[in-house]
Amino acid sequence: WCWVLMAALVSPRMVGLRMDISMLLEPLGFVKVLEWVLAIFVFATCGGFRGETALLVSCEGVVNKTVTAAFAYPFRLNTAVFSAPDPKGCGGTWTDVCLMGDFSSSAQFFVALAALVFLYCVTALVVYIGYNHVYQQNNKFPLTDLTISFLIAFLWLISTFVWAKALADIKESTGASIMPGIESCKAPGTTCHFLSVTSMGILNVSVVFGLLNMILWAGNVWLVYKDTSLHSQWNRISESP
């Protein structure tokens with residue numbers, strides 16, 4: 001995506017950089033800057049998350065020992081392990097337990113889209129600011145921009161709802177509901193209590209940013225559409241008797 005608009009810059013008539021910062025004050029340029037910033041926020045809020053689930057365990061020779069299972073992006077929870085609370089493994093009754101679930105595909109789809117959108121926004125801003133005269137004269141550029149913007153809006157819709165569903169499952173798989181599935185806690189003389197899980201408020205924010213991106217890109221489709229021949233053709237048709 002990032003090089004679709006830039007590819008044509010190698011042609012002779014595209015040579016001739018004309019810097020026009022005022023494009024950033026136009027709706028098309030201003031929205032693109034917002035999309036660029038929000039893509040960074042999505043990447044940071046989801047891709048940078050680290051957390052852990054903690055249990056309070058008492059067993060043979062151990063009283064109220066805290067054991068934790070750390071997890072992070074891309075949320076392969078089945079690799080997060082509750083290790084034994086003591087070197088002897090509670091007298092041999094403790095078997096290391098993993099959290100359940102692998103949500104990496106949903107998380108990576110969401111973050112990868114943010115990274116690609118970031119690169120595309122940078123490329124589009126270079127075209128808007130440095131080659132706006134060519135962008136306006138050659139209708140192929142607005143049409144290409146329109147197609148890509150529509151695709152990105154659709155992908156934000158899909159990835160955000162997929163990630164929101166995965167986040168709900170992650171909360172379920174790291175919360176107090178995991179207790180019945182921990183076999184080591186059912187051993188004679190062993191008791192376990194759910195202690196805490198890292199707050200996932202920042203991940204909730206990432207979903208909100210995904211929705212904002214979807215709305216922005218949907219609006220961006222309309223802004224780009226007005227720059228294409230399709231809009232002028234529709235106006236001529238609607239104004240004709």
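Quick note: numbers below take in every heavy atom, side chains included, and nothing from hydrogens, waters or symmetry partners. Bear in mind the structure is a predicted one, so any value in this text is a computation, not a measurement.
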Original post:
Taking only residues two or more places apart in sequence or in another chain, which ones pass side-chain contact (heavy atoms from CB on, under 4.5 Å) with Leu212?
Top reply: Leu38, Val208, Phe209
Original post:
Among Leu195, Thr198, Thr68, Thr174, whose side chain to side chain contact (heavy atoms under 4.5 Å, CB included) with Thr53 holds?
Top reply: Thr174
Subject >> Identified side chain to side chain contact (heavy atoms under 4.5 Å, CB included) partner of Asn213 from the options Ile152, Leu157, Val42 >> reply: Val42
Close side-chain approach of [X] to [Y], heavy-atom, < 4.5 Å:
{"X": "Lys171", "Y": "Asn204", "value": "yes"}
{"X": "Thr191", "Y": "Leu56", "value": "no"}
{"X": "Cys90", "Y": "Pro85", "value": "yes"}
{"X": "Thr147", "Y": "Leu151", "value": "no"}

[X] side, atom [atom1]; [Y] side, atom [atom2] - distance, nearest 0.5 Å:
{"X": "Ser58", "Y": "His193", "atom1": "OG", "atom2": "NE2", "value": "6.5 Å"}
{"X": "Leu34", "Y": "Asn220", "atom1": "CG", "atom2": "CG", "value": "10.5 Å"}
{"X": "Phe43", "Y": "Leu113", "atom1": "CZ", "atom2": "CG", "value": "12.0 Å"}
{"X": "Arg76", "Y": "Leu99", "atom1": "CZ", "atom2": "CG", "value": "15.0 Å"}
{"X": "Trp94", "Y": "Phe82", "atom1": "CH2", "atom2": "CZ", "value": "8.0 Å"}
{"X": "Tyr120", "Y": "Leu125", "atom1": "OH", "atom2": "CG", "value": "10.0 Å"}

Crowding at [atom1], [X] (>12 non-hydrogen neighbours, <6.0 Å):
{"X": "Lys186", "atom1": "NZ", "answer": "yes"}
{"X": "Phe161", "atom1": "CZ", "answer": "no"}
{"X": "Tyr73", "atom1": "OH", "answer": "yes"}
{"X": "Phe103", "atom1": "CZ", "answer": "yes"}
{"X": "Glu52", "atom1": "CD", "answer": "yes"}
{"X": "Glu60", "atom1": "CD", "answer": "no"}

Test of understanding: clusters of I, L, V, M, F, W, Y form through side-chain heavy atoms closer than 4.5 Å, transitively. Do [X] and [Y] belong to the same one?
{"X": "Trp222", "Y": "Phe30", "answer": "yes"}
{"X": "Phe194", "Y": "Met100", "answer": "no"}
{"X": "Ile40", "Y": "Phe109", "answer": "yes"}
{"X": "Trp217", "Y": "Val221", "answer": "yes"}
{"X": "Met179", "Y": "Val97", "answer": "yes"}

Write down the atom of [X], the atom of [Y], and the distance for their closest heavy-atom approach.
{"X": "Ala80", "Y": "Ala70", "answer": "CB-O, 3.2 Å"}
{"X": "Arg50", "Y": "Ala72", "answer": "CG-CB, 3.8 Å"}
{"X": "Pro74", "Y": "Ala107", "answer": "O-CB, 4.0 Å"}
{"X": "Thr190", "Y": "Cys59", "answer": "OG1-CB, 3.5 Å"}
{"X": "Cys46", "Y": "Val111", "answer": "SG-CG2, 3.7 Å"}
{"X": "Trp156", "Y": "Ser159", "answer": "O-OG, 3.4 Å"}

Original post:
So, do Phe41 and Trp36 have ring centers that fall under 6.0 Å from each other?
Top reply: no
Closer than 3.5 angstrom, by distance alone: can the side chain of [X] be matched with the main-chain N or O of [Y] as a donor-acceptor pair?
{"X": "Asp86", "Y": "Gly61", "answer": "no"}
{"X": "Ser206", "Y": "Leu203", "answer": "yes"}
{"X": "Thr160", "Y": "Val207", "answer": "no"}
{"X": "Ser177", "Y": "Glu172", "answer": "yes"}
{"X": "Thr123", "Y": "Leu119", "answer": "yes"}

**OP:** Determine, stepwise, if the pair Leu77 / Asp102 fulfils side-chain contact (heavy atoms from CB on, under 4.5 Å).
**Re:** CA-CA 6 Å; Leu77 300 186; Asp102 182 354; over 6 Å; no
Original post:
With under 30° as parallel and over 60° as perpendicular, where do the rings of Trp163 and Phe75 fit, or are they tilted in between?
Top reply: tilted
**OP:** Test Tyr128 against Val33 for side-chain contact (heavy atoms from CB on, under 4.5 Å), laying out the working first.
**Re:** CA-CA 11 Å; Tyr128 291 168; Val33 172; over 6 Å; no
**OP:** List the steps and the verdict of side-chain contact (heavy atoms from CB on, under 4.5 Å) for Phe118 and Glu35.
**Re:** CA-CA 8 Å; Phe118 169 84; Glu35 291 165 345; over 6 Å; no
